[in-house]
There are 2 protein chains.
Amino acid sequence: MVTLKQLAKELNVSISTVSKALNNSEEIGKETIKRVKELAELYNYKPNKVALSLKQNRTNTIGVIIPDILNHFLSKVLFGIEREASLHGYNIMTCISNESLEKEKESLQLLANGSVDGFILCVSEETQIKNEIEHFKQTIKQGLPIVMFDRVAHDVLCDKVIVDDFDATYRATKNLLDENRKQIAFMSNIDDLSVGKLRERGYNKAILESQDYKPLVLNIKKEDNAQDKIIAFMKKHKNIDAVISADSASGVIAINVATSLGLKVPKDISVIGFSSQSVSNHSIPRLTTIRQHAKEIGANAAQMLIKRLQNITGEPYDFKTKIVKTSLVKNGSTL
Amino acid sequence: MVTLKQLAKELNVSISTVSKALNNSEEIGKETIKRVKELAELYNYKPNKVALSLKQNRTNTIGVIIPDILNHFLSKVLFGIEREASLHGYNIMTCISNESLEKEKESLQLLANGSVDGFILCVSEETQIKNEIEHFKQTIKQGLPIVMFDRVAHDVLCDKVIVDDFDATYRATKNLLDENRKQIAFMSNIDDLSVGKLRERGYNKAILESQDYKPLVLNIKKEDNAQDKIIAFMKKHKNIDAVISADSASGVIAINVATSLGLKVPKDISVIGFSSQSVSNHSIPRLTTIRQHAKEIGANAAQMLIKRLQNITGEPYDFKTKIVKTSLVKNGSTL
DNA sequence: GTGAAAGCGCTAACAA
DNA sequence: TTGTTAGCGCTTTCAC
């Protein structure tokens with residue numbers, strides 16, 4: 001990489017002259033600016049980002065810590081973050097916590113040493129179970145702002161972007177009750193997570209309000225094979241006439257299982273699930289879907305962080321929690 | 001963030017003493033080392049990474065440029081890269097090219113200014129179609145090594161990690177012929193990509209070798225709805241008794257479509273597709289799958305890059321192309 | 001055993 | 001209009 005020094009030498013001027021010329025400083029003569037720029041162009045000069053970062057005490061880089069990049073929802077959020085960051089001239093450094101508290105702490109520590117200006121993260125499963133928040137607080141105390149999304153630690157003071165999980169399943173369940181469904185099952189492989197719990201509560205509330213019916217819940221563990229579990233469950237409870245899935249897979253699987261058991265979807269049984277467009281294509285009929293607008297969540301998180309980073313005036317302002325509303329996209333798996 | 005300067009001041013020693021003490025230099029007295037380390041611990045001192053990078057002319061960061069993070073295969077490779085990099089003390093900066101040549105060039109430019117030590121990338125679709133390679137060559141000339149994976153530019157001299165695409169579909173097709181299938185259809189939504197073409201050629205070769213049968217290909221465009229296309233195709237060609245899918249979705253969809261058309265899988269029709277474990281769960285029976293070992297691809301790419309980065313001895317060595325063999329995982333959708 | 005000073009590449013206050 | 005200098009945080013050579 002060519003440096004200011006080399007340009008200066010070749011042009012027989014000082015380093016600062018070159019620097020100023022490239023930054024269109026008023027101080028420098030037109031002719032000099034031209035000469036400098038031409039040579040810089042020729043050598044394809046680009047200012048060294050590391051040196052700039054050191055000087056300006058600012059890296060224009062956002063640290064993103066994600067529990068699981070194979071999760072379609074999370075990678076979609078990452079997509080949204082990247083796009084928004086890129087738009088504002090920020091890069092992102094991605095770490096994957098693998099749902100582990102230890103890795104999450106490590107990543108936070110590692111990137112907090114000047115590599116990034118702030119963080120966007122989704123709390124890992126282990127962190128939520130153990131309810132640890134010290135590492136977040138410490139990072140914030142060090143002056144690095146955090147924006148949490150989806151799974152958040154309520155006791156940490158920072159910006160947050162969440163989904164209306166409770167409401168989403170409450171409304172979806174109501175919807176099924178309005179279809180005159182009587183035995184609505186709830187399936188989830190995320191009952192350890194805050195969002196999983198909220199979704200289950202929304203379902204429960206709607207069911208209990210109905211007076212006549214009662215909840216029926218299938219919790220799928222990470223080590224289970226989802227398809228086998230759902231087959232067994234549906235064989236056992238033959239009276240199920242509707243399913244709500246809290247995760248992105250079991251909805252589609254439930255449709256396929258129902259079909260293979262000879263049921264007609266949606267005549268005999270309705271299914272609603274959290275999912276994305278691409279996955280909802282994996283069943284016939286297509287899954288009626290609770291869309292979480294993952295990209296918007298990512299974009300919102302990035303905006304909130306960047307706004308805070310660019311608030312150089314110094315005046316701190318209150319932390320916000322933005323709720324991105326889900327929407328119910330009706331496809332063929334409901335009446 | 002606390003700096004060496006601050007520690008030095010508080011301890012009434014020089015900055016260099018503190019630096020040496022923290023690095024366990026022989027030059028420094030035991031007692032001093034102890035005092036320094038205690039204070040550093042107390043203040044949770046961590047060396048500033050940006051300063052280190054500037055000094056050492058090395059960032060310990062890998063730039064990753066991926067065409068599409070919502071593609072399950074690609075995000076799995078990313079996972080593999082991240083894990084391997086993390087293991088060796090490297091961070092990754094991720095850019096998403098969105099299959100655009102322009103964005104790919106931009107990302108390369110942006111990160112080449114001292115932000116990263118080298119690149120791992122998968123060539124974007126537009127780049128492959130236009131067959132542009134200048135930006136890669138220039139980056140390499142600047143001294144930043146590149147490792148390409150999956151979709152590679154053959155005319156660029158660099159390390160590569162690829163899949164045995166041709167062989168995979170050749171063998172899979174053979175497999176179906178051995179099952180005595182007569183009309184084997186090939187479905188793809190990636191016929192623009194180098195890997196898509198290779199996969200189609202492998203299929204063609206096997207079919208043509210069989211003498212008796214002829215190829216039948218369905219190309220699905222990005223703007224098409226895959227499910228609708230496949231339904232129409234299978235209704236039109238009722239004699240299809242086997243399907244090979246070159247992308248990760250159409251295999252699963254084909255099973256669901258076949259079932260909905262009253263066919264028994266695998267009795268009446270066999271299906272094989274490129275896919276991952278999680279998606280192969282989205283049909284009943286489960287899809288017989290060509291596994292690409294995405295994580296290994298990522299890990300291999302990271303290893304190759306890191307090896308080159310750490311080859312400080314200077315002697316350049318030949319570029320390698322590593323082929324990660326696919327494997328055929330038999331599930332219920334074949335005999 | 002400890003400290004001073006140079007230098008990585010850049011910007012900016014100040015001097016000329 | 002141009003150049004000198006200091007400094008961002010760190011390592012390392014050389015001097016004391």
Side-chain angles (χ1 to χ4, degrees), chain A residues 1-37 39-40 43-61 110-117 142-144 312, chain B residues 1-37 39-40 43-61 110-117 142-144 312:
Chain A
M1 271 184 56
V2 57
T3 65
L4 286 187
K5 205 183 193 176
Q6 294 163 42
L7 293 181
K9 195 172 166 197
E10 191 143 340
L11 290 163
N12 267 320
V13 294
S14 78
I15 296 177
S16 55
T17 302
V18 179
S19 170
K20 287 173 187 162
L22 290 172
N23 291 310
N24 293 312
S25 164
E26 301 279 303
E27 300 176 16
I28 305 295
K30 283 218 158 160
E31 185 52 37
T32 316
I33 292 193
K34 188 156 163 274
R35 277 176 60 221
V36 170
K37 285 202 168 175
L39 195 71
Y43 284 161
N44 191 27
Y45 168 82
K46 292 281 154 45
N48 182 313
K49 249 208 105 196
V50 175
L52 276 179
S53 296
L54 183 62
K55 181 81 188 153
Q56 306 176 339
N57 199 23
R58 178 165 59 83
T59 60
N60 274 323
T61 301
L110 223 68
L111 297 187
N113 299 287
S115 299
V116 304
D117 298 340
Q142 272 183 57
L144 292 167
I312 320 227
Chain B
M1 270 185 55
V2 58
T3 64
L4 287 187
K5 205 184 195 174
Q6 294 164 42
L7 293 181
K9 194 172 167 199
E10 190 143 340
L11 290 163
N12 267 318
V13 294
S14 76
I15 294 178
S16 51
T17 301
V18 179
S19 170
K20 287 171 187 165
L22 290 173
N23 291 310
N24 294 311
S25 164
E26 300 279 303
E27 299 177 20
I28 306 295
K30 287 220 156 162
E31 185 53 35
T32 316
I33 293 193
K34 189 157 163 271
R35 277 176 60 220
V36 170
K37 286 202 168 174
L39 196 70
Y43 284 162
N44 190 27
Y45 169 81
K46 292 279 153 45
N48 182 313
K49 249 208 105 195
V50 175
L52 276 179
S53 296
L54 183 61
K55 181 80 188 157
Q56 306 176 338
N57 199 23
R58 177 164 61 82
T59 60
N60 275 322
T61 301
L110 222 68
L111 298 187
N113 299 290
S115 300
V116 304
D117 299 338
Q142 274 182 55
L144 292 167
I312 319 225

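Any value given below was found using the heavy atoms of this structure, including those in side chains, with hydrogens, waters and symmetry copies removed. Within every chain, numbering begins at 1; the chains are lettered A, B, ... in the order of the sequence lines, protein sequences first and strands thereafter.
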Checklist line | salt bridge (Lys or Arg N to Asp or Glu O under 4.0 Å) partners of B:E27, counting only residues at least two apart | finding: B:K20
In whole Å, what is the span from the [atom1] atom of [X] to the [atom2] atom of [N]?
{"X": "A:R35", "N": "D:dT1", "atom1": "CZ", "atom2": "P", "value": "15 Å"}
{"X": "A:R58", "N": "C:dC10", "atom1": "CZ", "atom2": "P", "value": "16 Å"}
{"X": "B:N24", "N": "C:dG1", "atom1": "CG", "atom2": "P", "value": "15 Å"}
{"X": "B:L4", "N": "C:dG3", "atom1": "CG", "atom2": "C1'", "value": "14 Å"}
{"X": "B:L22", "N": "D:dT12", "atom1": "CG", "atom2": "C1'", "value": "15 Å"}

Item checked: Heavy-atom closest contact (A:N48 atom, A:A51 atom, distance) -> OD1-N, 3.1 Å
Margin query: Which heavy atom of A:L52 sits nearest to which heavy atom of A:P47, and what is that distance?
Written below: CD1-CB, 4.1 Å
Check: Does a side-chain heavy-atom distance below 4.5 Å link A:N44 with A:V2?
Finding: no
Note to self: A side-chain contact here means heavy atoms from C-beta on lying under 4.5 Å apart; do B:K30 and B:K34 qualify?
What the structure shows: no
Next item on the list: Look at the side chain of B:N23 and the backbone N and O of B:S25, then say whether any donor-acceptor pair between them is shorter than 3.5 Å.
Entry: no
Notebook entry, point to check: Checking all strands, does B:V13 fall into the base, sugar-phosphate, or nothing category for heavy-atom contacts under 4.0 angstrom?
Noted result: sugar-phosphate
Check: What nucleic acid atoms does B:T32 come within less than 4.0 Å of, heavy atoms only: base, sugar-phosphate, or nothing?
Finding: sugar-phosphate
N or O in side chain of [X] less than 4.0 angstrom from [N] OP1/OP2:
{"X": "A:Y45", "N": "C:dC10", "value": "yes"}
{"X": "A:N23", "N": "C:dT11", "value": "yes"}
{"X": "B:S19", "N": "D:dT11", "value": "yes"}
{"X": "B:T17", "N": "C:dT2", "value": "no"}

Margin query: Testing the 3.5 Å rule here: is there a donor-acceptor pair between the side chains of A:Y43 and A:E10?
Written below: yes
Next item on the list: Would you mind telling me which residue lines up with the more 5' stretch of DNA chain D, A:I15 or A:E26, judged by nearest nucleotide?
Entry: A:E26
Which atom pairs link the protein and nucleotides 6-8 of chain D when you take only N or O atoms and keep those under 3.5 Å?
{"unit_1": "D:dG7", "atom_1": "N2", "unit_2": "A:K55", "atom_2": "NZ", "d": "2.5"}
{"unit_1": "D:dG7", "atom_1": "N3", "unit_2": "A:K55", "atom_2": "NZ", "d": "3.4"}
{"unit_1": "D:dC8", "atom_1": "OP1", "unit_2": "B:K5", "atom_2": "NZ", "d": "3.3"}
{"unit_1": "D:dC8", "atom_1": "OP2", "unit_2": "B:K5", "atom_2": "NZ", "d": "3.4"}

Item checked: Spacing of B:L4 atom CG and B:L22 atom CG [to the nearest 0.5 Å] -> 6.5 Å
Note to self: Return the OG1 to NZ distance between B:T59 and A:K49, rounded to the nearest 0.5 Å.
What the structure shows: 11.0 Å
Pairwise N/O distances under 3.5 Å, protein to nucleotides 13-15 of chain D:
{"unit_1": "D:dT13", "atom_1": "O4", "unit_2": "B:K20", "atom_2": "NZ", "d": "3.3"}

Checklist line | Nucleotide of D:dT2, D:dG3, C:dT11 approaching A:I28 most closely (side-chain heavy atoms) | finding: D:dT2
